[in-house]
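Scope of the values below: all heavy atoms of this structure, side chains included, with no hydrogens, waters or symmetry mates.
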Amino acid sequence: MQEFFTDSVQKLREFKDLLASPKKIVITTHQNPDADALGSSLGLAAYLTKKNHAVTVITPTDYPEFLQWMSGEEQVINFESEKQETAKRLIAEAEMIFCLDFSALNRIKGMEEYIRNASARKVLVDHHQQPENFADFVFWNEKAAATCELIFLLIEILGDKALIDVPAAECLYAGLVTDTGSFRFDSTTKDVHRVAGELIAIGVVTNSIHRKIFDNNPLERMQFLGFVLSQKLTYLPEYRISYMAISKEELARFGSKNGDTEGIVNYGLSIKGVTMTAMFVERDDMVRISFRSVKDFSVSDFARKHFNGGGHKNAAGGRSYVGLAKTVEAFLNLLPEYQAELLSGE
Ligand code: 5GP
Ligand code: MN
């Protein structure tokens, strides 16, 4: 299924008419924003600001330090901060609300009821499976590699590509890089490379962005990664799965901060022969789970069915409330049921 409001002449005109005069606009994205979430939000914010709108980006939670180089980041309001009342007022007063990089309102934590109840016209721009029906304008394609790709296309469709400046292009490029696993996942189509090429033409220095995202680690994070890979990663060839489970105590031992586990799950997919990998991280109130897979095995279906989650076919997340050990046990107990599927493929 693809939903492009831009395919309907009337809807596109309605959207353009709305943006034709200055509007109060809020942009939001999913909790624990990643580079695609924050990059798409800030890239769009920069564009809409150039079009004379009053734009605020509000995130449901904080985001990791390695994203704080993004232009406009210093003006983002974290809903879980002392600025919550301001955020609530901006949401209530907004004339348009853009919801980026999430498909269901339960992904925006404490902001859910305020966004749901807001009188603003809502615009969903996203690439996750099974979008909830809450927006007036839906620019959604699960085949898109990143929401940043969709934001670029939307601005292009509006005829405003020339308004994307270098800082905004850097934000959009960052989302393309991370959501495609540095242009290596199946989602890396020629369209992705075209958009990347357009962003480079605008002035993105690719190596500089890659280094800001990936080569910007405190020593402790590298040591944490070493610990996880050497002590925590398990491979079960009989199922072609790998997994790692990280306790709160281990996170604390390495001074791990929010976002430090980001990306580590992908190492589990590097093992020869692996079909699916899972990373379990013990948090205060739950166990956060990240799933990754290759080829046809849908971790999105798996996460939705068993772990209160969802996402994309090859990258999904979920959560569990029964503690770390029991969660891993439940996961291992599910494997026989999926064995044939996990072993199929080359
Ligand atoms: P991550 O493992 O990096 O947190 O998430 C992988 C992908 O799945 C991301 O695109 C993320 O937005 C999505 N995702 C994570 N958790 C959930 C969830 O609970 N529901 C849905 N629909 N998507 C999720
Ligand atoms: Mn995304």
Quick one: side-chain contact (heavy atoms from CB on, under 4.5 Å) partners of T6, sequence neighbours excluded? F4, L12, F139, L154, I157
Could you give me the CA-CA distance, side-chain angles and deciding distance for V294 and R240, then say whether side chain to side chain contact (heavy atoms under 4.5 Å, CB included) is met? CA-CA 11 Å; V294 294; R240 293 193 169 186; over 6 Å; no
With side chain to side chain contact (heavy atoms under 4.5 Å, CB included) as the test, would you mind laying out the steps for V228 and Y267 before giving the verdict? CA-CA 10 Å; V228 169; Y267 287 93; over 6 Å; no
Regarding R304 and S300, is there a side-chain donor-to-acceptor distance under 3.5 Å anywhere? yes
Of the non-hydrogen atoms in G43 and L172, which two are nearest, and what is the gap between them? CA-CD2, 4.1 Å
Can you tell which of Y239, F302, F291 makes a ring-ring contact (aromatic ring centres under 6.0 Å, His included) with Y338? F302
Would you call E65 and R221 a salt bridge, using N to O less than 4.0 angstrom? no
If we ignore hydrogens and angles and just use 3.5 Å, is the side chain of S290 paired with the main-chain N or O of M279 as donor and acceptor? no
Cluster overlap L48 with L38, hydrophobic side-chain contacts below 4.5 Å: yes
For E250, all residues meeting side-chain contact (heavy atoms from CB on, under 4.5 Å), sequence neighbours excluded: F227, K232, I246, S247, R253
Name of the residue among T28, T61, T59, L105 meeting side chain to side chain contact (heavy atoms under 4.5 Å, CB included) with M111: T28
Is the distance between the ring centroids of H312 and F185 under 6.0 Å? no
Please evaluate residues F5 and V138 with respect to the criterion side chain to side chain contact (heavy atoms under 4.5 Å, CB included), reporting the C-alpha separation (whole Å), side-chain torsions for both, the decisive distance (0.1 Å), and the verdict. CA-CA 6 Å; F5 72 82; V138 178; 5.5 Å; no
